[in-house]
Amino acid sequence: MKNMMTKNSFCDGLFIQLTGMSGAGKSTLAKKVSKELQDRGYRVEIIDGDVYRENLCSDLGFSEIDRRINIQRLSFVGKLLARNGVIVIMSAINPFEDLREKIKNEDNRARIVYVKCDLDELVRRDVKGLYARALLPPGNPRRIEDFTGISSPYYEPANPDLTLYTQHETTSECAERLLEYIMGEIE
Ligand code: ADX
C-alpha cells in the first residue's frame with residue numbers, strides 16, 4: 001500500500017502565488033516546473049487565471065473588485081488543495097499587494113513568487129497581441145479597457161519570497177530557480 005502512494009502523500013503541501021503582469025512568463029514557468037515535480041513523484045496542480053476565467057470565474061471581468069473576487073476564488077481552491085498535500089502553483093496576475101499579503105499571512109503554506117518583466121519588454125513581446133489592443137486610442141472598438149500595466153495598476157510585491165526576472169534570465173534558469181525554491185520549502 002505504502003509503495004502505491006505518490007511522494008507527497010507525505011508532504012505538507014505548498015501554495016505558490018506566482019504573480020506578475022500578462023506575458024511575463026508565469027504560465028510557461030508553472031507548466032515547466034509542474035512537469036518536473038510530477039516526474040519526481042509529487043502531486044501538483046496549476047491554477048491558471050486564463051483557464052479559471054473560462055469556467056469558475058467566467059462571470060468576472062477586470063475591474064478591481066472582479067480581480068479581487070477572482071483571486072479570492074482561486075486562492076480558496078489553492079489553499080484547499082495545498083492543505084491536502086498538493087503543491088499548488090497559482091498563475092494569475094494577482095495585482096494587489098494587500099490581497100497577496102493577506103493570502104500569505106492567513107496560510108503558512110502560502111508564498112509569493114514575483115515573475116518580473118519590464119513593461120516595455122512586455123509590449124515589445126506582446127505574445128497574445130493584448131498590449132497593442134490596450135494601447136489603442138479610446139473609442140477604438142478593438143481597444144481593451146482596464147489592462148494591467150496600461151490602464152489598470154500592478155503593484156509590485158514589496159517582499160516576495162522569490163523573484164524571477166524573466167527579462168534577464170532564460171526560461172530554463174527561472175524554472176530551475178523556482179524548482180529549487182519549491183524543493184527547499186517542501187523538504
Ligand atoms: S487577475 O488580475 O484577476 O489576477 P488573471 O490572471 O485572472 O487576472 O487574468 C489575466 C489574463 O486575462 C491575462 O493573461 C490576459 O490573457 C487576459 N486579459 C484579458 N483582458 C485583460 C485585462 N484587461 N487585463 C489583464 N489581463 C487581461
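From a predicted model like this one, the values you see are computed outputs, not experimental measurements. Counting starts at 1 for both ligands and their atoms, following the listed order.
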Under 4.0 Å between a side-chain nitrogen and a carboxylate oxygen: does that hold for [X] and [Y]?
| X | Y | result |
| --- | --- | --- |
| Lys35 | Asp39 | yes |
| Arg73 | Asp59 | yes |
| Arg177 | Glu173 | no |
| Glu45 | Arg43 | no |

Checklist entry - Under 3.5 Å, is there a donor-acceptor pair between the Asp48 and Ser27 side chains? => result yes

Next on the checklist: Would you say Tyr154 and Thr19 are linked by a side-chain donor-acceptor pair, where the criterion is simply a distance under 3.5 Å?
Outcome noted: yes

Checklist entry - Would Pro95 count as a contact of ligand 1 if the rule is a heavy atom under 4.0 Å away? => result yes

Checklist entry - With a 4.0 Å cut-off on heavy atoms, does Lys26 reach ligand 1? => result no

Checklist entry - Taking all non-hydrogen atoms of both residues, which atom of Met90 and which atom of Leu74 are closest, and how far apart? => result SD-CB, 3.6 Å

Which bit of [X] gets closer than 4.0 Å to ligand 1, counting heavy atoms only: side chain, backbone, both or neither?
| X | result |
| --- | --- |
| Ile71 | side chain |
| Asp50 | side chain |
| Phe62 | side chain |
| Thr148 | both |

Checklist entry - Starting from atom 23 (N) of ligand 1, which protein heavy atom do you reach first, and at what distance in Å? => result Asp146 O, 2.8 Å

Checklist entry - Where is the nearest protein heavy atom to atom 15 (C) of ligand 1: which residue, which atom, and how far? => result Leu130 CD1, 3.5 Å

Item to check | Test of proximity, Arg53 against ligand 1: N or O pairs below 3.5 Å | outcome: yes

